[in-house]
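Please read these numbers as outputs of a predicted model, since none were measured by experiment. Within every chain, numbering begins at 1; the chains are lettered A, B, ... in the order of the sequence lines, protein sequences first and strands thereafter.
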Amino acid sequence: MACRRSFQSFRRFHYYFSSAFSQVSSSLLCCGFSHTYGYMFHAYSSLAQQLLDEISQPNFPDFHNVIRRHSDERSFTQVLQVYASMLSHGFLPNGSTLNFIIKACTALPALSFGWAVHAQAVLLGFEAATFIQNGIIVMYARFREIATARAVFDKLANKDVVSWTSIMSGYVQNGYPFDALQIFRTMRIDSTVIPDFIALVSALKACMDVGDLEQGSSVHVLVVKFGVEDEPDLLTTLIAMYAKCGQVHVARYVFDQVTSPEPLLWNAMISGYAKNGNAEEAVDLFKEMVARNVQPDSITLRSAILACAQVGCLEAAKWIWGSANANGFESDMFVSTAVIDMFAKCGSMALAHSVFESIPKKDVVVWSAIIMGYGLHGQVKEAIELFHGMILSNIQPNDVTYVGLLSACKHSGLVEEGRRYFYSMKEHAIEPRHQHYACLVDLLGRSGHLEEAFMLIREMPMAPKVTVWGALLNACRIYSNVELGKYAAEQVFAIEPTNAGHYVQLSNIYACFGMWKDVARIRVLMKERGAKKPMGFSSIEINGKLQSFYAGDKSHSRSMEIYAMLDKLEAKLKKFGFLPHIDLVLHDVGHEEKEVSLRNHSERIAIAYGLISTPPGTTLRIIKNLRACVNCHSATKLISKFEQREIVVRDANRFHHFKHGLCSCGDYW
DNA sequence: GAGCTCATGT
């Protein structure tokens with residue numbers, strides 16, 4: 001109810017106002033009010049103010065209506081200004097006015113004002129008004145005052161579904177999904193409130209954040225039980241939940257039930273694929289979305305771009321970039337930066353660079369992306385030039401810029417420079433993080449500075465992770481250092497006991513010295529601990545489509561031709577005096593067998609398939625999930641020479657550009 | 001009156 005009070009009673013309100021709530025924070029409240037409205041009233045002039053000024057004696061409905069109109073227009077600062085003005089005219093709010101004020105405080109967010117409004121609501125007798133208290137719960141959740149929100153919720157006598165949903169989503173938004181689920185359970189067990197679809201959305205989001213498939217599925221059951229499975233927004237969260245829990249097929253099943261999915265639903269599904277590593281499906285679904293004339297937004301594009309960067313398919317990358325431009329995202333910084341990264345990871349620094357050039361105001365992230373890209377391709381000179389260009393443009397490098405710069409040095413073996421950049425980070429007030437140490441340890445180790453690398457590890461202010469010890473182990477393998485290698489391996493095994501790659505590294509060190517007993521011991525250890533080597537595979541891009549091969553793969557329909565080509569390649573390699581490095585094969589088998597298994601590595605099969613599927617002179621683009629092996633690397637160099645092909649290989653860590661018998665990595669990787 | 005997709009670089 002609107003109340004017209006005398007000036008005296010208004011003063012009395014202020015008296016209660018500061019004395020009754022002094023335990024909360026009297027100074028805050030006083031500031032929040034007498035200050036805020038007084039200050040605001042004099043400092044600002046708004047349209048609403050002018051409107052009010054035109055009325056010589058504005059009454060309560062005048063103020064209320066102006067507040068409502070500003071609220072509808074989302075001009076929340078003005079809502080508070082007019083409210084302050086209303087109070088100074090001696091009017092007090094009714095429940096409806098208060099809701100507009102609470103909403104404005106929440107949206108801005110206006111903390112001190114919000115506290116004061118809460119106090120005012122209590123004084124005006126709205127303590128048991130569920131529709132007011134619900135808004136206050138949301139407001140405190142927004143202020144990250146989740147304990148206060150909970151206190152308001154607990155005190156509320158008549159909790160409706162909105163009260164429950166408000167506190168539940170408050171917990172979710174503040175990063176406490178377990179508490180949110182606890183609230184949901186309490187609501188189901190201790191109250192008669194029936195959850196509606198918004199309550200279920202919040203519960204699903206909590207399950208998603210926890211990654212709890214079992215609870216998520218049980219909420220899905222409720223969705224069906226309460227017959228809200230046709231709510232588009234609920235489906236979005238349901239799909240995201242299943243995708244987050246790794247059940248991308250279930251997510252797709254839900255998606256397929258919808259006849260004309262909304263853009264948000266496409267986004268949830270595409271990003272679900274991208275996050276689960278089903279990158280090809282993500283790109284295909286994006287293409288389908290565009291084919292069905294659904295307008296992609298910046299989130300769709302970012303998800304598709306991320307997926308494409310993962311698979312590394314250049315044709316798909318060009319297509320996505322084209323559709324980003326066609327839909328008006330060519331000047332979206334977030335999209336452009338992601339595109340730079342995508343082109344770099346799809347093997348085209350030329351395209352990455354042209355996008356980079358097209359960005360008028362480059363921020364630190366844009367610069368970092370391009371520097372990282374050149375590093376990935378072993379073009380350290382360009383990376384360093386860009387780094388200095390960035391500083392000349394008055395853009396301060398950050399820790400990620402240095403990751404890019406150091407990894408560029410690492411990929412090219414620039415020890416001096418890498419060391420210098422690492423220690424110069426302090427000049428830019430950047431504390432080296434774990435990744436920076438990992439880069440420098442790798443760089444020092446690969447260049448034979450094993451002692452210095454080890455010393456650096458000992459000086460690290462944080463616990464070294466597997467990347468650091470793994471880099472040292474790798475260096476020990478290269479330089480055949482048994483003692484240090486054993487030590488590094490122990491650290492690595494303790495962190496990742498089931499990663500077979502580490503065992504192979506140590507085993508190779510032993511094999512190098514003919515310590516076959518130790519090799520056998522490692523093999524037993526691997527078996528005991530259930531360590532498995534990930535299956536190596538290589539993919540090749542033919543006409544924009546990726547075709548994948550495993551080592552010794554004979555499943556392809558053109559397998560006969562592929563193996564005939566492999567025989568031809570083998571003969572030519574022999575003619576060019578190619579000698580396989582057989583030491584690196586873990587298994588203790590005869591020489592001939594080793595040679596056979598080497599020539600059947602997935603990379604070689606992919607190349608053979610590329611040679612029989614494309615016209616002479618076409619660049620072959622290969623993507624593999626493991627690091628390039630020494631044999632394949634040497635063989636690919638020779639193949640690029642006698643087949644006169646440029647071969648671009650993306651391995652697990654970086655790019656190799658093979659041309660005229662040489663590789664861009666300079667045999668350093 | 002309450003809710004959701006993603007969030008550029010390692």
When rounded to whole Å, the CD to C1' distance for the pair A:Q173 and B:dC4 reads 10 Å
Exercise. Looking at B:dG1, does its base get a donor-acceptor pair with the side chain of A:N99 below 3.5 Å?
Worked result: no
Ring centroids only, cut at 6.0 angstrom: are A:W164 and A:F184 within range, meaning strictly under it?
no
* Answer with base, sugar-phosphate or nothing: what part of the nucleic acid does A:K159 contact at a heavy-atom distance below 4.0 Å? => nothing
In whole angstroms, the gap separating P of B:dT8 from NZ of A:K345 amounts to 11 Å
Of B:dG1, B:dT5, B:dT10, the nucleotide closest to the side chain of A:A268 is B:dT5
Please work out if A:D160 contacts a base, only the sugar-phosphate, or nothing of the nucleic acid, heavy-atom cut-off 4.0 Å. base
Aromatic contact between A:H434 and A:Y437, with the criterion being ring centroids under 6.0 Å apart: yes or no? no
Per atom distances to the A:F131 side chain, the nearest of B:dC6, B:dG9, B:dG1 is B:dG1
Is A:K103 close enough and on-axis enough to A:F76, meaning under 6.0 Å and within 45°, for cation-pi? no
> Using a cut-off of less than 4.0 Å, is there contact between a side-chain N or O of A:K205 and OP1 or OP2 of B:dT5?
Replying inline: yes
(Q) Would you say A:S96 and A:N99 are linked by a side-chain donor-acceptor pair, where the criterion is simply a distance under 3.5 Å? (A) no
In whole angstroms, the gap separating P of B:dG3 from CG of A:L234 amounts to 14 Å
note: A:I132, atom CD1; B:dG1, atom P; distance rounded to Å ~ 12 Å
note: A:Y421, atom OH; B:dT10, atom P; distance rounded to Å ~ 20 Å
From CE of A:M269 across to P of B:dC4 the rounded distance in Å is 20 Å
The nucleotide from B:dC6, B:dC4, B:dT8 with an atom nearest the side chain of A:V201 is B:dC4
Side-chain contact check for A:I299: nearest option of B:dA2, B:dT5, B:dC4 is B:dT5
* Asked: Do A:W115 and A:Y140 have their ring centres less than 6.0 Å from each other?
  -> yes
Practice problem: Using a heavy-atom cut-off of under 4.0 Å over every strand shown, decide if A:V365 touches base, sugar-phosphate, or nothing. | Solution: base
**Study point:** Aromatic ring proximity, centroids under 6.0 angstrom, A:F387 and A:Y402
**Key:** yes
Ranking B:dG1, B:dC6, B:dA2 by distance to the side chain of A:S271, first place goes to B:dC6
Against the side chain of A:K275, the closest entry in B:dA2, B:dT5, B:dC6 is B:dC6
With hydrogens left out and only the distance checked, is there a donor-acceptor pair under 3.5 Å joining A:T236's side chain and the base of B:dT5? no
Whole-Å distance, A:R302 CZ to B:dC6 P, equals 11 Å
For A:T165, answer base if it contacts any base atom (sugar-phosphate contacts may also be present), sugar-phosphate if it contacts only those atoms, and nothing otherwise; contact means non-hydrogen atoms under 4.0 Å. base
Looking only at B:dT10, B:dA7, B:dG3, the nucleotide nearest the A:L306 side chain is B:dA7
Regarding the side chain of A:I198, the nearest nucleotide among B:dG9, B:dG3, B:dC6 is B:dG3
Is A:M168 touching bases, backbone alone, or none of the nucleic acid, heavy atoms closer than 4.0 Å? nothing
Side-chain atoms of A:S169 come closest, of B:dG9, B:dT5, B:dA2, to B:dA2
Rounded to whole Å, the CG-P distance (A:L181 to B:dG3) equals 16 Å
For A:N398, answer base if it contacts any base atom (sugar-phosphate contacts may also be present), sugar-phosphate if it contacts only those atoms, and nothing otherwise; contact means non-hydrogen atoms under 4.0 Å. base
